[in-house]
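First listed ligand is number 1; within each ligand, the first listed atom is number 1.
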Amino acid sequence: MTVKQATGADYIPDAIERKWQQRWAEARVFEAEADPARPKYYVLEMLPYPSGTLHMGHMRNYTIGDVVARYKRMRGFNVLHPMGWDAFGLPAENAAIQHGIEPRTWTLNNIAEFKRVLTRFGFSYDWRREISTCEPEYYRWNQWFFLRMLERNLAYRKRSRVNWCPKCETVLANEQVVEGACWRHEDTPVEQKELEQWFLRITAYAEELLRDIALLRQGWPERVLVMQENWIGRSEGARIDFVVTETGDPCPVFTTRPDTVYGVTFMAIAPEHPLLQKIMRGRPREKEVMDFARAQMMISAAQRTDDATRKEGVFTGFHVTNPYTGEAVPLWVTNYVLMEYGSGAVMAVPAHDQRDFDFAKTYGLSVKVVIQDPARPMDPSSMDSAFVEDGVMVNSGPFNGRPNREVLRDIVRYAKERGFGDFEINYRIRDWLISRQRYWGAPIPIIHCPECGAVPVPEKDLPVLLPDDVDFRAERGNPLERHEAFLRASCPKCGAPARRETDTIAQWLCSCWYFLRFVNPRLRDRPFDKDDVNAWLPVDQYIGGIEHAVLHLLYSRFVVKVLHDAGYVSFVEPFGALFTQGMICKRSEKTGELAKMSKSKGNVVSPDELVREYGADTLRLYTLFIGPPERDAEWSDRGIEGAARFLKRLWARFYERRELIAAAGSGRLDVSKMDPVERELYRQTHQTIADVSRDMEGGFHFNGAIARIMELANAADECDVSRESRPIRLAVYREAMETIVRLLAPFAPHIAEELWTVAGHAPGIIKAGWPEVDRTALERETVEIVVQVNGKVRSRITVPVGLESGDVEKAALADERVKRFLEGLTVRKVIVVPNRLVNIAAS
Ligand SMILES: [Zn+2]
Ligand SMILES: [Zn+2]
């Protein structure tokens, strides 16, 4: 039993953590400056949105980033690890409306609170580089960036049908619509509205965004890449020019199955298709068709195309002519065809497409087989589903008798030669809608002149400041539309009185290039310095949630590609590697349901209270010990106690044995001079360094790394040391204890720093670096063991010292001589005396 020492023996996290945080700040340990002598490493966690409810799920994300940053510093890298705030967006404005607090004040309060908590966790940020996207010195560059897009014809204004969330009271980008509902309001179906909006032409980069996914295969999760590929949705096919039989109006289609063109039995077009407006006017079916179309247009695309939604349609009374056959087939308007895909018209081939088949069955339309299964020829009257396999062409004029795959290109070439079609590539991705009808964002730098139209604000007039004096509670809607002083402007071209654009830039665009700004956060005349950015970027390790896969992560890639093509940066991808962390879930005390931490579920674990109780090191250690960081994990109060006990015990050991440790020698140790006990601890120490290093380098196996450090701590505890121990034993013990502290430093940096000094070193465990493996230590010392069968010595085997009994038993039974003696006998019992003897009882 140890007696508590007068000072230092009690582990009081709050005291030592604050002490070290202050020292790190004073010594500017985390301030990154360019240093050509060392390799750079840029690690970044996704910019947080400061919305008031920080929970342990967030802290896990930042802890992952911090572990990487600290580990890389110990490895000798020049690490850039900045932090800032995604500070524009709706919640701030909604808080203003509900509670009468200014969005700016609300945001700044939240930022201060977030910063306080992050600081308390000891995250190693270079706080000099802190940026906030709602500050004019930042958002002026958003506006500048918008103007560059405009110059390059990558920004444009268009009247179109857009997604509208009635709760957010603003439009949404396609990427913000999740299963037909608003991404913020899963209970609120998105409505369709026709509005004049600003878009960025991300479709111009569809091919590059897709192609360069190959560059990311090494460092990004496959799942995210697949999501991006699907979102971009490239398909190769053909355009075929059908025409309306009665009017001669063109009605082109895009198809990936031109081999089925002879089987078209009707044409299905989207309710939004402009052709409808044109041909239906004054026609007998006008009311029926247009009523149906209008009703469908109110329903979101996702809902309309959902498999569970019934396929519906109305016959227009018109026909289209198939240019291959000259045949006229009926023209229908249907709910399942979208204007956003291809040309908004689909050539329907019920025999070979299931959706078309279902529709044809519902409305009694004909089915024509053009690809036959040679083994089981089909008859349309007896088909109960579409035939979508490959086969042989029939009923297809000059293409009959050939395998359908083979004619795919020929059939398009046939159209091309005759001038009624061509090869075409189609993308699913649409241009990015970036205007928002809300106040709390960067104003779009445009002035509307009655004479000149939409005129860009000259660069010298940036930033277009967001006014502070707005009244939120008077009326709904965008308060900028009622702000006379903001609205009034003169046309930069002709000087005439004009009106300022009141839409603001979606916060998504603000957060698409912040990783560049971190490099030169205070630059006043440019958004960033080209050379500096080229030196630090791409980000070596980016960390954040998978929910950003087709939003932020796709947008950022697009923005960097545009900057590259405009000559502002020399790299084409912003993030070399991406890690998507799992969430922390907790069982609700009310319902018992296991769910992601959220305020509405009432299962939030507040970092603030916990850090007071346990300290940052315990929380950091626990959130990574809880499970593989890429997977969701369940929070447990008992688990956190375990992490706390581990650190407490480590602390106690250091203090109990501090004199032994400090007095012991250090430096390179000679394996040949060690006894078996020393040798085994030395081996374990170096095996742990090897294992933890591997876990740190390959795939974020932090929970495994922590488990190994704990095992080494147990082994060191079992090692018998005292003042009387031989010097080499004390040295081996000291090295084990110091290794524990160094390996623990990225996870629990405060206690590691403190114990490092307790061991007699100067402060600065990062400078001490990551421990090196002594390969010669990894080979276990071997021992010869006698193997008896029924009490008689029959063989000897050589096994590593300390090998587990089960493994010794296996080795004994596998020995050839032993096997011979056991022939025809049944093994009844095996007794293992460690490092000495195995006795096998057999009969
Ligand atoms: Zn919404
Ligand atoms: Zn003008």
Side-chain angles (χ1 to χ4, degrees), residues 49 51-53 86 88-98 103 106 147 150-151 156-157 161-198 298-303 432-441 443-462 464 472 476-479 486-511 545 547-548 550-552 555 596 598-600:
Y49 180 74
S51 77
T53 47
D86 186 11
F88 273 139
L90 261 185
E93 194 167 344
N94 290 341
I97 294 163
Q98 282 159 16
W106 186 86
L147 297 179
L150 209 57
E151 274 169 13
Y156 64 93
R157 194 163 181 249
R161 304 197 65 82
V162 292
N163 305 304
W164 174 269
C165 172
K167 276 201 186 151
C168 293
E169 291 186 65
T170 184
V171 297
L172 302 173
N174 286 345
E175 291 80 2
Q176 288 172 288
V177 179
V178 181
E179 290 172 6
C182 169
W183 68 300
R184 277 191 204 282
H185 302 107
E186 53 182 32
D187 60 344
T188 308
V190 166
E191 295 171 5
Q192 304 291 301
K193 263 200 181 186
E194 188 154 319
L195 288 171
E196 194 111 30
Q197 295 290 302
W198 288 97
M298 300 303 291
I299 304 168
S300 75
Q303 223 174 318
W432 174 17
L433 200 176
I434 53 127
S435 40
R436 293 293 179 272
Q437 292 67 52
R438 296 296 297 245
Y439 159 79
W440 190 235
I444 292 176
I446 289 287
I447 291 168
H448 296 285
C449 168
E451 288 302 313
C452 316
V455 181
V457 172
E459 214 175 302
K460 64 173 174 50
D461 296 340
L462 297 183
V464 177
F472 292 97
R476 294 171 77 82
N478 183 351
F486 177 79
L487 288 174
R488 230 177 302 126
S490 50
C491 172
K493 256 192 200 161
C494 71
R499 182 181 182 276
R500 204 174 282 286
E501 171 69 64
T502 55
D503 280 357
T504 52
I505 299 174
Q507 77 187 100
W508 297 100
L509 180 57
C510 312
S511 59
E547 65 274 20
H548 296 288
V550 296
L551 286 155
H552 170 68
Y555 296 155
K596 170 191 167 187
S598 78
K599 214 175 172 184
S600 60

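More than 12 heavy atoms of other shown residues, nucleotides or ligands fall within 6.0 angstrom of atom CD in Glu194.
Here the options are Arg436, Glu196, Gln197, the test is side-chain contact (heavy atoms from CB on, under 4.5 Å), and the partner is Asp503; only Gln197 passes.
Of the angles at the Zn ion (ligand 2), the one spanning SG of Cys449 and SG of Cys452 is 110° when given to 10°.
Under 3.5 Å, the side chains of Glu547 and Trp183 contain no donor-acceptor pair of N or O atoms. The closest side-chain donor-acceptor pair between Gln176 and Asn163, if any, does not fall under 3.5 angstrom.
Taking each heavy atom of Cys491 and Ile447 in turn, the nearest pair found is CA-CG2, 4.3 Å.
Here the protein contributes Cys165 SG, Cys168 SG, Cys182 SG, His185 ND1 as N, O or S atoms under 2.8 Å from the Zn ion (ligand 1).
Ring geometry for Trp508 against Tyr555 counts as perpendicular: the plane angle is over 60°, on a 0 to 90° scale with 30° as the lower cut.
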